Amino acid sequence: MEKLDVFDCSNVLIASYFTDERGCSHENRDHTLIYLRSGQLEIEEQGRTTLLREGDCAFMRRDHRMWLRKRVEDGKPYRSVVLKFSRAFLREFYQTMDKRAVTEAKRDKSSLRLLPSGRADIRSLFESVMPYFESATKPSEEILRLKMTEGVYVLLNTDKSLYASLFDFVDPWKIDILDFLNQNYMYDLSMEEIARYTGRSLATFKRDFKKISELSPQKWIIRRRLEAAHELIRSGRKKVTEICFDVGFKNLSHFSRVYKEMYSHSPIHTV
């Protein structure tokens, strides 16, 4: 590895610089905007692949796992800037808003959203923070809050459906369900047990879950297991058979079949 450099400003603004290819598993704990200054970023999530190039910007919803592959392109290093929105900041911002904009918005359930290219407001936001990284100077808390505010308006000016994604804490059940399932997807739990553990009747759990995903709870769990298996297989740390049972599948042939349906190749051919 020639060079690896990550400059973190209070876990709000993060700049990365790589001169070789690098892949990693990533889970957002906060809503995130990522902007590519140069190089390529391949993002794999929910069986889909999105490619970002110089000048591209994407919104990644919190509590979703993705596989990121960062590449040099045309001799230019991989350079990116990430802006994260904490729950505390979004709660404060929400108090200043017209609440109807959130309650009337239709929830966008996608985990990744590529923003329109060539927008001056996006370029201005991210290019304005580069002097801090280039001089290795951390901006003040006031500057960080200003940049988060600019980032929120970038999203709100993109699509009204993003109101509901950004301010999803107004439905407090949402994070509870995702947290529970992300921590327990590998266990053999019935829907009744999951509902009870999250403090709901089965009917309420199913109704609330529809607000999170277009998938049924059972299909969501299978997809989550496959995503976890995919990451483990790529890491090369365990055999496919071990991974199959570790993530919660009981049958290797069933695991192989659904894995191939999602990734278009068998688990033993994953690179």
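These values consider heavy atoms only, across backbone and side chains, with no hydrogens, waters or symmetry-generated copies. None of these values were measured; they are calculated from a predicted model.
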Looking only at atom types and distance, does a side-chain atom of [X] sit under 3.5 Å from a main-chain N or O of [Y], one as donor and one as acceptor?
X: R61; Y: D30; answer: no
X: S235; Y: L232; answer: yes
X: N251; Y: H254; answer: yes
X: S10; Y: V12; answer: no
X: R196; Y: I194; answer: no
X: H31; Y: F85; answer: no
X: H265; Y: Y259; answer: no
X: S124; Y: A120; answer: no
X: E193; Y: S190; answer: yes
X: Q95; Y: E92; answer: no

Hey, are [Y] and [X] close enough side-chain-wise for a donor-acceptor pair under 3.5 Å?
X: K147; Y: S128; result: yes
X: S253; Y: S256; result: no
X: E45; Y: S111; result: yes

Query raised in the report: Between D56 and S117, is a side chain to side chain contact (heavy atoms under 4.5 Å, CB included) present by the stated rule, with each step listed?
Result: CA-CA 6 Å; D56 286 341; S117 60; 4.1 Å; yes
Sidechain N-carboxylate O distance under 4.0 Å for [X], [Y]:
X: R257; Y: E261; value: yes
X: D74; Y: K76; value: no
X: E141; Y: R145; value: no
X: R37; Y: E54; value: no
X: E42; Y: R71; value: yes
X: D8; Y: K138; value: no
X: K250; Y: D188; value: yes

Report task. Please assess D208 against T198 for the test side chain to side chain contact (heavy atoms under 4.5 Å, CB included), listing each intermediate value before the final yes or no. Result -> CA-CA 11 Å; D208 287 351; T198 57; over 6 Å; no
Do [X] and [Y] come within less than 4.5 Å of each other through their side chains, counting heavy atoms only?
X: L68; Y: R22; value: no
X: M262; Y: E227; value: yes
X: W220; Y: L178; value: yes
X: T32; Y: L83; value: no
X: L162; Y: D159; value: yes
X: N11; Y: I14; value: yes
X: V72; Y: D20; value: no

Check whether [X] and [Y] end up in the same hydrophobic cluster, where Ile, Leu, Val, Met, Phe, Trp and Tyr are linked by side-chain heavy atoms less than 4.5 Å apart.
X: L144; Y: F93; answer: yes
X: I212; Y: M191; answer: yes
X: V82; Y: W67; answer: no
X: V81; Y: Y153; answer: yes
X: L252; Y: V247; answer: yes

Report task. Please identify each residue that fulfils ring pair (Phe, Tyr, Trp, His ring centres under 6.0 Å) with Y132, with sequence neighbours left out. Result ->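 For Y132 there are no ring pair (Phe, Tyr, Trp, His ring centres under 6.0 Å) partners, ignoring immediate neighbours.
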Report task. Please report the shortest heavy-atom distance between M186 and Q183, naming the atom on each side. Result ->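 Of all heavy-atom pairs spanning M186 and Q183, the closest is SD-O, 3.6 Å.
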**Report entry** Closest non-hydrogen atom pair between L112 and A58, with its separation
**Finding:**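 That closest heavy-atom pairing would be CD1-CB, 4.0 Å.
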Query - Worked verdict on S38 versus R53 for side chain to side chain donor-acceptor pair (under 3.5 Å) - result: CA-CA 7 Å; S38 63; R53 289 192 164 93; over 6 Å; no
Query raised in the report: How about R48: does its CZ atom have over 12 heavy atoms from other parts shown lying under 6.0 Å from it?
Result: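 Yes, enclosed.
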Rounded to the nearest 0.5 Å, what separates atom [atom1] in [X] from atom [atom2] in [Y]?
X: T19; Y: R79; atom1: OG1; atom2: CZ; result: 10.0 Å
X: S16; Y: F7; atom1: OG; atom2: CZ; result: 12.0 Å
X: M148; Y: I143; atom1: CE; atom2: CD1; result: 11.5 Å
X: Y263; Y: T49; atom1: OH; atom2: OG1; result: 9.5 Å
X: I43; Y: L52; atom1: CD1; atom2: CG; result: 5.0 Å
X: T50; Y: M60; atom1: OG1; atom2: CE; result: 11.0 Å

**Report entry** Residues F133, L13; criterion side chain to side chain contact (heavy atoms under 4.5 Å, CB included); working and verdict
**Finding:** CA-CA 10 Å; F133 297 121; L13 279 168; 3.9 Å; yes
Report task. Report yes or no: is the cationic atom of R224 (NZ for Lys, CZ for Arg) closer than 6.0 Å to the six-membered ring centre of Y185, at no more than 45° off its axis? Result ->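 Yes - R224 lies over the ring of Y185, closer than 6.0 Å to its centre and within 45° of its axis.
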Report task. Test E21 against K70 for salt bridge (charged side-chain N to carboxylate O under 4.0 Å, His left out), laying out the working first. Result -> CA-CA 6 Å; E21 183 171 324; K70 304 163 185 180; over 6 Å; no
Report task. Kindly indicate, with the supporting measurements, whether the criterion salt bridge (charged side-chain N to carboxylate O under 4.0 Å, His left out) is fulfilled by R234 and E44. Result -> CA-CA 13 Å; R234 275 181 152 174; E44 187 175 308; 3.3 Å; yes
Query - Residue from I34, L115, T158 passing side-chain contact (heavy atoms from CB on, under 4.5 Å) with C57 - result: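 That would be L115; it is the only one of I34, L115, T158 passing the side-chain contact (heavy atoms from CB on, under 4.5 Å) with C57.
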Report task. Dump the intermediate steps for side chain to side chain donor-acceptor pair (under 3.5 Å) on S80 and Y78, then the final yes or no. Result -> CA-CA 7 Å; S80 68; Y78 170 87; 2.9 Å; yes
Requested in this report: List the steps and the verdict of side chain to side chain contact (heavy atoms under 4.5 Å, CB included) for F255 and L226.
Outcome: CA-CA 8 Å; F255 166 65; L226 289 171; 4.1 Å; yes
Report task. Anything under 30° is parallel, anything over 60° is perpendicular, the rest tilted; go ahead and classify Y35 against F126. Result ->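 Correct class here is parallel.
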